[in-house]
Every structure is written in structure tokens, then in C-alpha cells.
Amino acid sequence: MPLRLSMSIVGEAEAEAVRRVITEDGYLGIGKETHAFEKEVAAYLGVDEKFVVSANTGTAALTLAVDALRPTSWKGAGKPRVLVPSLTFAASFQAVLAAGCEPVACDVLPETGTIDLEDAERRLTPDVFAIMPVHYASNPWHIDAVYDFARRRGLRVIEDAAHAFGCRHKEKKIGSFGDAVCFSFDGIKNITCGEGGLCVIFNEEEARIAADARLLAVEGDTAARFAGVRTWDPDVKRLGWRFHMSNIMAAVGRVQLARLEPEFIPARRRLAALYAARLEGLKDAALLRQSPDDFIVPHIQVVRILNGRKDAVKAALAARDIPMGVHYKPNHLLTLFRPEAGDPPFPATEQLYRELVTLPLHPGLTDDDVNFVCDALAEALK
Ligand SMILES: *Cc1c(COP(=O)(O)O)cnc(C)c1O
């Protein structure tokens, strides 16, 4: 089998769970299974169930969180703005837009690819109400400093933790503390629901707003559907979407959640440790920096190829049919998110973009696979 950059690790147990929903329940929309998944994620994270709102994608979860946390009476001249690192999936930026806000692209730190708070400070305007750190390559780098930065400036924090399900900071799970933390359960993330997402919002009122907004903002509809009934005389007072997670998706997610700690976390960490051992000390290759305070469950394996040697590496990997990725083309280089004339430049993001290569990583890989990739890389960089 050719090597895959990433893949869904699903099998009989997930198929059986979907079969059970179809044949035993027959109700495929948001219902008992979705409720059970939310309760199990809440228990896993150690948070109150009322703070947990599942959604049909990570992008939807981010949109719901931005929407729920944005100030209710906005008096600014323009739209409410959110600081976002440029080096992220377009999802982070699109979610901010979808929630009626404006993303402000920020530069990143050259050694981690996470938001540079000094640069963010430079881009701060009175319209900024939130900062969205992205746990790039599952790294919750300087998360305390992000909250500190936000607290001192009266900003909210909406974590894009799409890569970081299962990660911990100082022994606390990502998603167990903060303002709002959003996960993705798309096909290749640390766990999957097929597609899927979830936000944890640590304010009861805001979490309720998000829970309603995912069902067209029909008030109280989530509680009704979890109880297996419908609200026939509801009110709607704000914008909402069809962003809910179905019973079918949740059934897959429940099996995946049970596999996370015994299976996926050890596998991802073992493979990443092997990559680290093999790549450390290789000339012109550098791994991203991590903090000993953080327990990282890597979603992607990123390596920086220094001194302009990325093309040589790309050719060597391609010659052996080893797939590689680039996470990500910076958002400020995308047409929709181009900076305005006079905005500060993005030197670290652009430098990193020239260096970044993503190597295969998923729990289906063997140590031999990783050694094969590392041999090719070592050969190219000799
Ligand atoms: C995957 C991802 C998302 C969006 O999640 P989807 O479930 O794919 O919508 C957002 N941000 C980052 C950094 C991601 O990798």
C-alpha cells in the first residue's frame, strides 16, 4: 500500500455503531446519540456538559464560538475584529467572517508557527474583541501568555484547537479551561466523526446561544431534540445555522473517543518521537519547538527545511512516492484575506512557509514507514 500523508482510522467498531443507529434507533438527525457523545466528551475533558456544543464541522464550531462571544451591542465603526495567526487553515479565517466579524491576520513565531503576541499587539485596534490562537501542529504554545495578553486588554480568547484534541497543558486538558475552545473531528484529525466539530464555551449563557444557533437559533431546540421531541411553538431572535451533529456522526465519534487514549494517542506520540529521534541533528532540518509544560498529541508531523533546501527534499520524497503536505499557505497570501496597504509585513510567517514540509503521520503507519521517510530525507540532506 502506498504511504498516506494522513487517513481516517476507522473499522468494524465504527461500522457497527452506525448500523446500530440505523437499525435500532432509525432517527438519524441530532438526538440521543449526539447527546451521549457530548456527555462523553464533557466527561473526558472534565467539564460540565452544559458548556459542550457539538457541531457538524470544526469550522462550524469556530463560527458558533465567535458568534456567541462577540459583543451583543456593537458600537464600533466597522465589524468586530479577531486577531488570528496567518499560518492556519482557511477555516479559522472563514469562521470569523461567517460570524459577521473580520479576521486580522497576525505574524507567527518562527520556531513554533503560533501567534506572535508582539506582532498581535501592533495590529490591535479598538474594534478587536478577541484573539484566536491556533494550536499549530497540536502545540498549545504559550497558552498562558495568550490568556494573559487577552485579560490585560479586555479581549476574549477563542482557541482553534482543531489539531489539539487529547493535548494537555500543565496536566490540564486543552478544552478543560479558558473562554472557548474549538475542536475538529473531520476525517483525519486526532479523532473523527466522519466530519464533525465541537466547542467548549465556559460561560453558560454563551454556550446556550451557541447550542441554539447550531439549530437555526430556534430557542430550546437542542434540549427538545435530546429528549426526542420537537418544539412546535418556538421563538427565534437571532441568526442561526444548520450546524448540528447527527446521530450517525456521533455514533462514529463515540467509538473514536473510546479509542483515543488506549490507541491513537500512544500511536501518534510513538511515531512523532521516532521522527524526532531520526530528524534531530540532521543538517538543514529543524523540528518545531515545544514546551515541557505541554503534552502534545500530534495531528501533523511538520519539519522545517532550512537554507533553501526544500526543493531538494520535495524531489527526494516524490522520487520514493512519499506524500508530503504544506500546512499552510498563509491566509494573508489568499485573495480574500490580503492585507491592506500599510499593514505590517509577515516576515516570520513567510519565512516558515518557505521551509515547512509535512511528513506522513497517522496511527496506521509503522515504525518502518517512518524510518523509510526519514532515510529519504537524510539522503536528500546529506
Ligand atoms: C481542520 C481544521 C479546522 C476546521 O475543521 P473542519 O472540521 O475541517 O471544519 C480549523 N482549523 C484548523 C487549524 C484545522 O486544521
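Note that these values count all heavy atoms, side chains included, but never hydrogens, waters or copies made by symmetry.
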Query raised in the report: Any ion pair linking D375 and R278 (charged N to carboxylate O, less than 4.0 Å)?
Result: yes
Requested in this report: Evaluate whether atom CD of E118 has more than 12 neighbouring non-hydrogen atoms of other residues, nucleotides or ligands under 6.0 angstrom away.
Outcome: no
**Report entry** salt bridge (charged side-chain N to carboxylate O under 4.0 Å, His left out) contacts in which one or both residues fall within residues 88-101, not counting sequence neighbours
**Finding:** none
Query - R268 to F264 six-membered ring, cation-pi geometry met (6.0 Å, 45°) - result: no
Report summary line: The reported gap from CD1 in I158 to CG in L64 (rounded to nearest 0.5 angstrom) is 11.0 Å
Report task. Can you run down the ring-ring contact (aromatic ring centres under 6.0 Å, His included) pairs that involve residues 281-324, sequence neighbours left out, and say none if there aren't any? Result -> H163-H299
Query raised in the report: Do you see a donor-acceptor pair shorter than 3.5 Å between the side chains of D107 and T349?
Result: yes
Query raised in the report: Do R122 and D119 meet the salt-bridge criterion of a basic N to acidic O distance under 4.0 Å?
Result: yes
Report task. Mind checking the CZ-CG spacing from R4 to D369? Nearest 0.5 Å is all I need. Result -> 12.5 Å
Query raised in the report: Does V236 sit in a hydrophobic cluster with other residues, and if so which ones, taking ILVMFWY side chains as linked at heavy-atom separations under 4.5 Å, directly or through other members?
Result: L216, V218
Query raised in the report: Can you list every pair that meets salt bridge (charged side-chain N to carboxylate O under 4.0 Å, His left out) and has a residue in residues 300-318, with sequence neighbours left out?
Result: D284-R309, R304-E355
Query raised in the report: Which residue pairs pass the ring-ring contact (aromatic ring centres under 6.0 Å, His included) test when at least one of the two sits in residues 1-58, sequence neighbours left out?
Result: H35-F226, F37-F185, Y44-F165, F51-F202
Report summary line: salt bridge (charged side-chain N to carboxylate O under 4.0 Å, His left out) pairs touching residues 60-74, sequence neighbours excluded, are D67-R238
Query raised in the report: What pairs with A68 under side chain to side chain contact (heavy atoms under 4.5 Å, CB included), at least two apart in sequence or on another chain?
Result: I201, E206, I209, A210
Report task. Please determine which of V18, D25, L28, I22 meets the side chain to side chain contact (heavy atoms under 4.5 Å, CB included) test together with N247. Result -> D25
Query raised in the report: Any chance the side chains of R214 and S54 put a donor and an acceptor closer than 3.5 Å?
Result: yes
**Report entry** Over 12 non-hydrogen atoms of neighbours within 6.0 angstrom of CD in E204
**Finding:** no
Query - Inter- and intrachain pairs under salt bridge (charged side-chain N to carboxylate O under 4.0 Å, His left out), touching residues 72-91, at least two apart - result: R81-E102
Query - side chain to side chain donor-acceptor pair (under 3.5 Å) involving H244 - partner list, sequence neighbours excluded - result: none
**Report entry** More than 12 heavy atoms from other groups under 6.0 Å of CZ on R289
**Finding:** no
Report summary line: Across all chains, not counting sequence neighbours, the salt bridge (Lys or Arg N to Asp or Glu O under 4.0 Å) partners of E261 are none
**Report entry** K170: side chain to side chain donor-acceptor pair (under 3.5 Å) partners, not counting sequence neighbours
**Finding:** D144
Report summary line: Output for pair (L377 CG, I322 CD1), nearest 0.5 Å, gives 8.5 Å
**Report entry** Those residues that, when tested against R225, pass salt bridge (Lys or Arg N to Asp or Glu O under 4.0 Å) (two or more places apart)
**Finding:** D221
